[in-house]
Each structure stands twice: as C-alpha cells, then as structure tokens.
Amino acid sequence: MKFVVKAAALAAGATGLFSRLQTPVASGRSFSTSQSLQHVSGPVWNLGRLNHVAIAVPDLEKASAFYRDVLGAQVSEAVPLPEHGVSVVFVNLGNTKMELLHPLGSDSPISGFLQKNKAGGMHHVCIEVDNINAAVMDLKKKKIRSLSDEAKIGAHGKPVIFLHPKDCGGVLVELEQA
C-alpha cells in the first residue's frame, strides 16, 4: 500500500514531458483489444514482434563504423542482395535489429529514396507475422495494397512482403514470416 501512495504522489507531481499522461482521453477515442479482435475475419494470423528498422544510407561503411565504433553495437559484414538491389548490414541491438541499406545496381529501390533524401533516413519497419500467406490474403480483403503480388524471400532467408505506405499511415511496412 505504501508503494501505491508514493507512486500516486509522484504521478500527481509530474510536470513537463509526463504531464500529458495525466490528461484524460475522450471515451470515444479509447482502444480496446477485445473490440478490435472481433473485427478480424478470414484466415487467422497474428502480428508478432518488431524484427528490424531499416535505414537507407548513402555510405554503408561510414554508417557501419558509426554503429560499431562509436555506439559499440555488433555490426555484420555487408551482404549483397542483388535480387533486392541492395547491400545490407545488420546492427544487432539485443531486442531488435537495424538494417542498413545501400543501393546495389542502378535500378535499386534505395537509389530513388536516397535521391530524395541525400543524407539517408528511415526506409521501413519490419514486423513478423505467424502466417504471411494468411496475412496477405486478409490484408487484400481489407484493401491494403502490397508492392508485389506475393511474398519473396528476404534478407533473413524468410518470406517477406511490403505493404504500400499510402495504406499504412505513410510508413513502408515489411511483413516477415516468423
């Protein structure tokens, strides 16, 4: 009970960054897990953990050195993936990974991104799913477009598919089979 009283006193005195947490939320905007689960139809599939955040970089060696030498992260060697038009370096963060992407070849999808974003930047997020084929079928029914007709083998050797950013709040989302 002492802990609850102390926690309440600390919360009551919170200011600045945490003061927003005390602001009541209108009941019409609340989120209920049980409510959203009732709307799932079709094949059963589940969203899993965040697999990685992909960063497009203009200089793969410089970006690798930053994460390895400055931040002390475990950084892989560069892996060329000609079928995807990229070279990839994985940065292990313990609870997830970062994927550093650099163009490979003239028609790389990352080339266009870097032309618009000269310094590089976040390219996509990758979320695991337990049944990628069911996820693709279900999302098509929900009018969520993908960038390909079917899943392809990704950098981790597992099936992946990218969802159109215009259907995902402006974010390029990659789904990967867990």
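Since this is a predicted model, take the numbers as computed values, not measurements. Residue numbers run from 1 in the order of the sequence given.
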Q: Decide if atom CD of Glu83 counts as having more than 12 heavy atoms of other residues, nucleotides or ligands within a radius under 6.0 Å.
A: yes
Q) Taking all atoms of both residues into account, what is the closest heavy-atom pair of Ile161 and Ala151, and its distance? A) CD1-N, 3.9 Å
Q: Given side chain to side chain contact (heavy atoms under 4.5 Å, CB included), test Val88 with Leu101 step by step and report yes or no.
A: CA-CA 5 Å; Val88 181; Leu101 301 172; 3.9 Å; yes
Q. Side chain of Asp167, backbone of Arg145: donor and acceptor closer than 3.5 Å?
A. yes
Q) With the 4.5 Å side-chain cut-off for hydrophobic clustering, are Val171 and Phe113 part of the same group? A) no
Q.
Do Leu100 and Leu60 make a side-chain contact, defined as non-hydrogen atoms from C-beta onward lying under 4.5 Å apart?
A. yes
Q: Kindly determine whether Leu139 and Leu175 satisfy side chain to side chain contact (heavy atoms under 4.5 Å, CB included), including the steps that lead there.
A: CA-CA 11 Å; Leu139 291 168; Leu175 298 180; 3.6 Å; yes
Q | Other ILVMFWY residues reachable from Val160 by side-chain steps of under 4.5 Å | A | none
(Q) Looking at every non-hydrogen atom in both residues, tell me the closest pair between Ala73 and Asn92 and how far apart they are. (A) CB-O, 4.1 Å
(Q) Contact between Leu50 and Cys126 at the side-chain level, heavy atoms closer than 4.5 Å - yes or no? (A) no
Q. So, does Asn117 use its side chain to make a donor-acceptor pair with the main chain of Ala119 at under 3.5 Å?
A. no
Q. Knowing that exactly one of Glu128, Glu99, Lys158 qualifies, which makes a side chain to side chain donor-acceptor pair (under 3.5 Å) with Asn51?
A. Glu128
**Q.** Hphob cluster co-occupancy, Val57 + Val86, side-chain heavy atoms under 4.5 angstrom
**A.** no
(Q) Under 4.5 Å between side-chain heavy atoms, counting indirect links through other Ile/Leu/Val/Met/Phe/Trp/Tyr residues: same cluster for Trp45 and Val173 or not? (A) yes
Q | By side chain to side chain contact (heavy atoms under 4.5 Å, CB included) - contacts of Phe162 (at least two apart) | A | His124, Leu147, Leu172, Glu174
Q) Per the salt bridge (charged side-chain N to carboxylate O under 4.0 Å, His left out) rule, which among Lys142, Lys141, Lys140 passes with Asp138? A) Lys142
Q.
To the nearest 0.5 Å, what is the distance between CE on Met98 and CG on Leu93?
A. 6.5 Å
Q.
I'd like to know if the side chain of Ser111 and the backbone of Asp107 have a donor-acceptor N/O pair within less than 3.5 Å.
A. no
**Q.** Transitive ILVMFWY side-chain link Val79 to Ile110, under 4.5 Å
**A.** yes
Q: Run through Val75, Val91, Val89 and flag the one making a side-chain contact (heavy atoms from CB on, under 4.5 Å) with Arg68.
A: Val75
Q. About how many Å separate CD1 of Ile144 and CG of Leu163, when rounded to the nearest 0.5 Å?
A. 7.5 Å
Q: Would you indicate whether the side-chain heavy atoms of Ile127 and Leu47 approach each other to under 4.5 Å?
A: yes
Q) Does atom CG of Asp69 have more than 12 heavy-atom neighbours from other groups under 6.0 Å away? A) yes
Q.
Minimum heavy-atom separation for Ala78 and Pro80, please, with both atom names.
A. O-CD, 3.9 Å
Q: Could you note down all residue pairs passing ring pair (Phe, Tyr, Trp, His ring centres under 6.0 Å) where residues 63-107 supplies at least one of them, sequence neighbours left out?
A: Phe90-His156
Q | Sub-4.5 Å side-chain heavy-atom contact between Ile132 and Glu176 | A | no
Q) If every non-hydrogen atom of Pro109 is compared with every non-hydrogen atom of Gly85, which pair is closest and at what distance? A) CD-O, 4.3 Å
